[in-house]
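Down below is the structure, laid out as structure tokens.
So you know, we letter chains A, B, ... as the sequences are listed, proteins then strands, and number each from 1. Note that these values count all heavy atoms, side chains included, but never hydrogens, waters or copies made by symmetry.
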Protein chains: 2
Amino acid sequence: MNELTHLKSAGLKSTLPRLKVLSLFESGSERHLSAEDVYKKLLASGDDVGLATVYRVLNQFEQAGLLVKHHFEGDKSVFELNQGDHHDHIVCLQCGRVEEFYDATIEQRQKKAAAERGFELHDHSLYIYANCVKPKCQFRN
Amino acid sequence: MNELTHLKSAGLKSTLPRLKVLSLFESGSERHLSAEDVYKKLLASGDDVGLATVYRVLNQFEQAGLLVKHHFEGDKSVFELNQGDHHDHIVCLQCGRVEEFYDATIEQRQKKAAAERGFELHDHSLYIYANCVKPKCQFRN
DNA sequence: TATGCTAATGCTAATCATTCTCATTTGTAA
DNA sequence: TTACAAATGAGAATGATTAGCATTAGCATA
């Protein structure tokens, strides 16, 4: 299933801005991008889409299930391609690097915690804030 | 250790706005309050402090370790008294009710997940979004 | 392939939470 | 009581995100 099909099946017209945003995520240079990031990257590559459009498209893609939105510490939200595999995130407080992880036990205990208290689990967000170490960590970007 | 001592040991002058904010949290009518909430409650009880002061005081209290700040889904942050016991939160998507829980296994697996990937865990945030059921849930407030 | 309609885009202005500025007021230590 | 730094209050400023609206571009049809 390619970009075009993705858009169609989400009931979205295949427009230039949408294709560009989508292929930016699929190019995979960086997995987690904010609206601002996307906007700048597109400008840098000569494609000029409006910032408002970027916001709109990102939200539509999230609704359509093509992207997932996250709120890391701080204010702005970031998006990543939805590849069907749920995972949580570890964020380096110094360099901002993000690593993904999945822990079946944690998932299961959450479900249990909710159930025991009479809640029907809908969703959850788990972010681990940490410091990564020498080779990988590029202090403050 | 009373309010005054708390403030002093945090290097904060004992001022009227600070005492009022602190006792609001200690009165315990509601555990999780946003800056706006605090502001309105103070106004309602005849104490008029500026909104800017509320924000300042809340942040100082957080730095001082008297309060803990959370970012539930949505935009505004909420604060709660820091009683030393770390816990996570389940938030009802319908009525907004918040319940706290602690799961040692989850805590431990998080530490493990970070360590295995070469991170030094500093902090984490875990929110479960769910729907609570009949008796307790007051749909949409 | 040309036409028309609706959805999409791109500005700019508006919102909302939060922070900053700065003149005025208030704790507090001498 | 005095003096001074720290704290407050009001409103302006900020930063991310959204809304409003005139213009443009997909896309289905003739």
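- Counting heavy atoms from C-beta outward, B:Phe25 and B:Val38 have side chains that approach closer than 4.5 Å.
- Smallest separation of non-hydrogen atoms from A:Ala130 and B:Leu121: CB-CA, 3.8 Å.
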Using a cutoff of under 3.5 Å, can you pull out all pairs of nitrogen or oxygen atoms linking the protein to nucleotides 22-30 of chain D, with atom names and distances?
from: D:dC27; atom 1: OP1; to: A:Ser14; atom 2: N; distance (Å): 3.2

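- Here the two rings, on A:His71 and B:His71, have centers that are 6.0 Å apart or farther.
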Exercise for the section: Show your working on side-chain contact (heavy atoms from CB on, under 4.5 Å) between A:Val21 and A:Arg18 and close with a plain yes or no. Expected result: CA-CA 5 Å; A:Val21 169; A:Arg18 297 215 254 245; 5.9 Å; no
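- Note: CZ (B:Arg18) to P (D:dA6) measures 11 Å, nearest angstrom.
- Annotation: side chain of A:Asp88 is in contact with side chain of A:Glu107 (closest heavy-atom distance under 4.5 Å).
- Under the 4.5 Å side-chain criterion, counting only non-hydrogen atoms from C-beta, A:Arg109 is in contact with A:Lys112.
- In this structure, the side chains of A:Glu73 and A:Leu93 come closer than 4.5 Å at one or more pairs of heavy atoms.
- Counting only distance, with no hydrogens or angles, the side chain of B:Ser23 and the backbone of B:Glu26 share no donor-acceptor pair below 3.5 Å.
- Here A:Val133 is tied to no hydrophobic group at all, with no ILVMFWY side chain closer than 4.5 Å.
- Relative orientation of the B:Tyr127 and B:Tyr129 rings is tilted, given thresholds of 30° and 60° on the angle between their planes.
- Atom-to-atom, CG of B:Leu19 to C1' of C:dT26 comes out at 13 Å; the value is rounded to the nearest Å.
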Any N/O pairs under 3.5 Å between the protein and nucleotides 22-24 of chain C? List them or say none.
none

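- Non-hydrogen atoms lying under 4.0 Å from DNA chain D are contributed by A:Asn59, all within residues 58-69 of chain A.
- Within the 4.5 Å cutoff, the side chain of A:Leu43 has heavy atoms near those of the A:Asp48 side chain.
- If you check residues 36-55 of chain A against DNA chain D, the residues with a heavy atom closer than 4.0 Å are A:Ala52, A:Tyr55, listed by number.
- The shortest side-chain heavy-atom distance between A:His124 and A:His86 falls under the 4.5 Å cut-off.
- DNA chain D lies under 4.0 Å from at least one heavy atom of each of the following residues of residues 72-80 of chain A: A:Lys76, A:Ser77.
- When the P atom of C:dT26 is taken as reference, atom NZ of B:Lys20 falls 11 Å away, rounded to whole Å.
- Using cut-offs of 30° and 60° for the angle between ring planes, the A:Phe72 and A:His32 rings count as tilted.
- Under the 30°/60° scheme for interplanar angles, the aromatic rings of A:His87 and A:His70 are found to be tilted.
- Annotation for A:His122: atom NE2 does not count as buried by contact number, only 12 or fewer foreign heavy atoms lying within 6.0 Å.
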